[in-house]
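Presented below is the structure to which this report refers.
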Amino acid sequence: MIQTLSSAASLSGSVRLPGDKSISHRYAMLAAIAEGTSVIEHFAASRDCHSTLGCLSALGVDLHESGDTVTIRGRGLRGLQTPGCILDAENSGTTIRLLSGILAGHSFESSITGDESLSNRPMGRIIRPLRQMGAAIESRDRELPPLHIRGGSLKGIRYTLPVASAQVKSCVLFAGLYGDRPTAVEETIPTRDHSEIALRVFGGRVRFDGNWIEVDPEPRLQGRHLTVPGDLSGAAFFLIAAALVPNAELFLPGVGLNRRRRELVDYLMSAGLNISVENETETGGEPRGDLRVRYSPGLLQRQLPPIRGELVASLIDEIPVLAVLGSQAAGGLTISDANELRIKESDRISAIVTNLRAMGAEVEEKPDGLVIPSARQLRGADIATRSDHRIAMAFAVAALAAQGETRIRDAECADVSFPGFWQALRNVASS
Ligand code: S3P
């Protein structure tokens with residue numbers, strides 16, 4: 001499907017975000033290995049989270065969806081059943097990496113695979129610690145899906161993460177539930193802590209000591225009634241659209257503001273964007289609030305703060321749309337230390353550079369990032385999304401600031417994280 005967009009003369013109204021993707025995956029997986037029934041409201045409508053539900057169903061989990069509420073009957077810590085098929089994580093790195101930690105704790109043999117994009121993403125980062133814990137894992141070409149996993153009783157380990165990755169951290173912590181002693185993970189660069197928070201909410205024991213996170217094995221996880229906050233990474237497209245369209249004002253209610261992810265809001269505020277956070281509350285240990293964003297003319301007169309070092313891990317999913325904003329800031333934007341972006345759903349550095357250039361921006365590609373020296377007027381172009389949801393949505397935002405029409409190819413890939421994105425954008429933007 002091709003979506004055709006042109007520049008927006010105004011942007012106003014309210015946007016209801018889908019449930020947070022990262023939190024929804026974790027709630028579904030923990031509910032599946034808990035005892036009793038969980039009810040999860042505002043569960044992410046995203047295709048990725050449905051990949052998780054599909055895998056859990058294939059593992060014998062009884063689940064029921066009604067609107068955006070998912071009811072999951074837990075099977076207990078070791079209660080998943082031998083799947084009768086190869087598990088399909090489709091496009092979802094979080095599904096394959098987190099679920100592998102749980103599968104490693106089960107004595108049956110299982111295989112998990114994904115679509116073409118996922119099949120080319122590195123799994124060595126989870127295979128190595130899971131093997132150290134005693135799971136038998138085979139893969140294609142040393143570290144690519146499909147993964148064949150046979151686990152059982154695992155050894156608790158102390159593991160220092162070699163890459164800043166919440167997926168790897170979570171995989172090891174979930175496998176640690178099946179260890180013979182506590183498992184501890186050290187992260188030298190902080191990443192989103194939804195797994196730690198969710199484990200505690202379901203009744204797991206998690207301790208923090210400096211950079212170390214330690215989980216106790218054999219918890220009795222209990223089903224819970226939870227509500228997922230709105231997805232801040234989905235909100236990012238609208239926050240940045242409001243930074244680009246003169247006089248824009250948007251209201252985004254009930255957005256998740258996890259401390260490791262709200263750095264996006266802090267970053268945009270420090271760049272000069274007028275965002276107010278209202279009605280802050282917390283449910284299930286996850287903070288949330290209503291965001292109101294207003295166009296702030298000063299922002300585009302300056303250079304955006306550089307994105308490098310630890311900030312990269314906090315903004316990892318928002319970098320494509322932040323690069324679009326950088327292309328419109330008079331002093332440009334520099335992104336470095338972002339090698340991880342090359343192994344996301346697509347090589348996002350290359351996808352950003354190619355598409356920004358197609359729209360007339362000046363941008364230099366670096367091995368670990370990019371440099372945009374100054375702003376140039378964007379013009380409409382044909383956007384090759386590489387079927388990557390965040391590239392499609394980032395360039396939809398670019399289209400709002402471009403002269404002429406922009407055509408976004410394979411636009412349906414937005415459903416991977418944000419079904420309804422195109423309608424939500426049309427509801428608030430007028431040309
Ligand atoms: C996620 C972690 C990040 C992020 C992804 C979701 C998670 O991946 O990019 O979209 O839910 O844990 P990495 O852990 O590979 O950085």
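Source: prediction; values computed, not measured. Along the sequence shown, residues are numbered consecutively beginning with 1. Just so you know, ligand 1 is whichever comes first in the structure, and atom 1 is the first atom listed for that ligand.
Among Leu325, Leu300, Leu299, the one residue that satisfies the side-chain contact (heavy atoms from CB on, under 4.5 Å) test with Leu273 is Leu299. Of the residues Leu322, Ile352, Asp368, Ile307, the one that meets the side-chain contact (heavy atoms from CB on, under 4.5 Å) test with Ile335 is Ile307.
Ligand 1 places these atoms under 4.0 Å from at least one heavy atom of Ile316: 9 (O). Listed by atom number, the atoms of ligand 1 under 4.0 Å from Asp317 heavy atoms are 4 (C), 5 (C), 9 (O), 10 (O). Near Lys344, meaning under 4.0 Å from any of its heavy atoms, are these atoms of ligand 1: 3 (C), 4 (C), 8 (O), 9 (O), 13 (P), 15 (O), 16 (O). Near Gln167, meaning under 4.0 Å from any of its heavy atoms, are these atoms of ligand 1: 1 (C), 2 (C), 5 (C), 6 (C), 7 (C), 8 (O), 12 (O), 13 (P), 14 (O), 15 (O).
In this structure, Ser92 and His50 have side chains that are not in contact, with every pair of non-hydrogen atoms separated by 4.5 Å or more. Pro253 is listed as a side-chain neighbour of Ser14, based on a closest heavy-atom distance under 4.5 Å.
Two rings, from Phe421 and His389, have their centers 6.0 Å or more apart.
The residues Arg288 and Glu282 are annotated as not salt-bridged, no charged nitrogen and carboxylate oxygen being separated by less than 4.0 angstrom. A salt bridge is defined here as a Lys NZ or Arg NE, NH1 or NH2 lying under 4.0 Å from an Asp or Glu carboxylate O, and Lys155 with Asp180 fails to meet this definition. With respect to the salt-bridge test (charged N to carboxylate O, under 4.0 angstrom), the residues Asp193 and Arg200 do not qualify.
For Arg121, no nitrogen or oxygen atom sits less than 3.5 Å from a nitrogen or oxygen atom of ligand 1, counting backbone and side chain alike. Residue Arg192 places no N or O, backbone or side chain, under 3.5 Å from any N or O of ligand 1. For ligand 1, the polar-atom distance check finds an N/O of Ala166 within less than 3.5 Å of one of the ligand's N/O atoms. Checked by distance only, ligand 1 and Arg125 stay at 3.5 Å or farther apart across all their nitrogen or oxygen atoms. An N or O contact shorter than 3.5 Å is missing between Arg390 and ligand 1 by distance.
Among protein heavy atoms, atom 11 (O) of ligand 1 sits closest to Ser22 OG, 2.7 Å. For atom 14 (O) of ligand 1, the closest non-hydrogen atom of the protein is Ser165 OG, 2.7 Å.
Using a 4.0 Å cut-off between heavy atoms, Arg26 contacts ligand 1 through its side chain alone, with no backbone atom that close. Contact annotation for His25 and ligand 1: no heavy atom of the residue comes within less than 4.0 Å of the ligand.
Between the side chain of Ser346 and the backbone N or O of Asp388 there is no donor-acceptor pair closer than 3.5 Å.
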